[in-house]
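Here the structure is a predicted model, which is why all the values come from computation and not from measurement. In what follows, chains carry the letters A, B, and so on, assigned in the order in which the sequence lines appear, proteins first and then strands, with residues in each chain numbered from 1.
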2 protein chains.
Amino acid sequence: MAVKDSRTEQQIKDAAKKLFFTEGRFKATTQEIADAAGVNRTLVNYYFRSRDQLFDQVLKDARLQMDSRLEATADEKNFRKKIEHFIDVFMEQARNYPYLDIYMVSRLNDDVEKQNEILTDIKKTDKLKLFLAEIEEQMKLGTINKMPPVQFFINMLSLISYPQVMQPLLKKVFRYTDKQYQQMLAERKAIILKILFR
Amino acid sequence: MAVKDSRTEQQIKDAAKKLFFTEGRFKATTQEIADAAGVNRTLVNYYFRSRDQLFDQVLKDARLQMDSRLEATADEKNFRKKIEHFIDVFMEQARNYPYLDIYMVSRLNDDVEKQNEILTDIKKTDKLKLFLAEIEEQMKLGTINKMPPVQFFINMLSLISYPQVMQPLLKKVFRYTDKQYQQMLAERKAIILKILFR
DNA sequence: TTTGCGTTTAACAAATTTGTCAAACATAAT
DNA sequence: ATTATGTTTGACAAATTTGTTAAACGCAAA
């Protein structure tokens, strides 16, 4: 009998993820996704039944990605090294999937009423709680400036992600070539560290 | 004769801007916009000819808004006060139109090829150049940490805007009520100032 | 009142996007 | 070679969204 193989299903999902998360083409149609995957459009229905179900699969992946990112705590005792590791992970993520976060926000805004069930039960993970506690501890130790730990966390996220999300616009504002912008982004790890550690 | 009055045209544009910039409903249809404006859908075509032309008008407004924001330099001699004024302006803007920036990015990503002419000639304004020069000067004076002035500017933008853009998601992650989140945002001016000024 | 002109509306047409289905296809097992 | 099972395709139907048109409407000037 025929083997239930076919990487088509994955190809379609990957194409959708690339369009949404990497290229920020939020209004991509199933036709565009199929084209990007190099397959016939009806295969989207064959494998996912409907456009919405494909989108929900993709959203679910985004959510898992975010969860795992929030859990991405290093087995590093040294706090500064741990933060460095966080920045590396987040920056790499933001480089590959600059629009992942705002895709999720966008989906949240789309429904408003429906409150997409995939995004309902997002919550502080245990690791995140532990991390926030550790941040607070380090503030007491004086390694970093005192503030609500959540603010420290949000600062870190902001400084990493926003320049990636805004890349198309900021490139125009500053008249930067792609190379110049990447160079600027590369400089940021050190700058962010300096900011976070007083 | 009949007066060429009718605030309908403006109502439609305002409704679109609210949906796009304030609510982040990027996939809003003309029907939804008309509903939000409380008018018949065909009036969109009557006043703007086509959906795309309305969207371009809205985009043009966004662009003007951004331009004026980049120009929003205070007649303030004291550098710190000037930065405070900037933060106030940007925070207020981000509060009213949290999705304005990413709407523009989204539009830039939509076309890719076409390179929407409305967003082609965005560039460093003179005021922005002057501001960057002033930032550099202040670094020499030691008021703020040394780094490429553009990085200082981007840090400021990131710390202000990202928490607003990500509000729907971060509210879930941290299990914050709306009130708690607004409280957290309100705390940020002082925190951002502390970060920017060493 | 009537005329003129801009505005609003509903019905309709066109365009775009999504979903269905039956037939063709591929390939491994019989 | 034939069969069985999963995959792919094109043609078609349905749904959604956008655009057009002619008629109705409102109101001020003649």
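- Rounded to whole Å, the distance from CZ on B:Arg49 to P on C:dA14 is 18 Å.
- For D:dT8, the OP1/OP2 oxygens have a side-chain nitrogen or oxygen of A:Tyr47 closer than 4.0 Å.
- OP1 or OP2 of C:dT17 has not a single side-chain nitrogen or oxygen of A:Thr29 nearer than 4.0 Å.
- The distance from atom CG of B:Leu43 to atom C1' of C:dA10 is 12 Å, rounded to the nearest whole Å.
- If you take CG of A:Asn40 and P of C:dC25, they are 15 Å apart, rounded to a whole angstrom.
- Defined by atom type and a distance below 3.5 Å, a donor-acceptor pair is missing between the side-chain atoms of A:Asp52 and A:Ser50.
- For A:Arg41 and D:dC12, the CZ to P distance is 15 Å, given to the nearest whole Å.
- Using a 4.0 Å cut-off, no side-chain N or O of A:Thr8 falls inside it from OP1 or OP2 of D:dT7.
- Checked against A:Leu159 for a side chain to side chain contact (heavy atoms under 4.5 Å, CB included), the options A:Ile192, A:Ile87, A:Ile191, A:Ile154 give a single hit: A:Ile192.
- For A:Tyr103 and A:Phe26, the gap between ring centers is short of 6.0 Å.
- The separation between A:Ile33 atom CD1 and C:dT18 atom C1' is 12 Å, rounded to whole Å.
- Here the side chain of A:Arg51 is nearest to one of C:dG6, D:dT7, C:dT18, namely C:dT18.
- Of the candidates C:dG19, D:dT20, D:dT7, D:dT20 carries the atom nearest the B:Thr42 side chain, counting heavy atoms from C-beta on.
- Residue A:Phe48 contributes atom CZ, which lies 15 Å from atom P of C:dT18 at whole-angstrom precision.
- Phosphate proximity of C:dG19 to A:Asn45: present, with a side-chain N or O under 4.0 Å from OP1 or OP2.
- By the 4.0 Å N-to-carboxylate-O rule, A:Glu137 lies too far from A:Lys140 to be salt-bridged with it.
- In this structure, B:Ile12 places its CD1 atom 14 Å from C1' of D:dT18, rounding to the nearest Å.
- For the pair B:Val39 and A:Asp52, both in contact range of DNA chain C, the more 5′-proximal nearest nucleotide belongs to B:Val39.
- At whole-Å resolution of the value, CZ in A:Arg7 and C1' in D:dG6 are 15 Å apart.
- Residues B:Phe174 and B:Tyr181 place their aromatic rings such that the two centres sit no closer than 6.0 Å.
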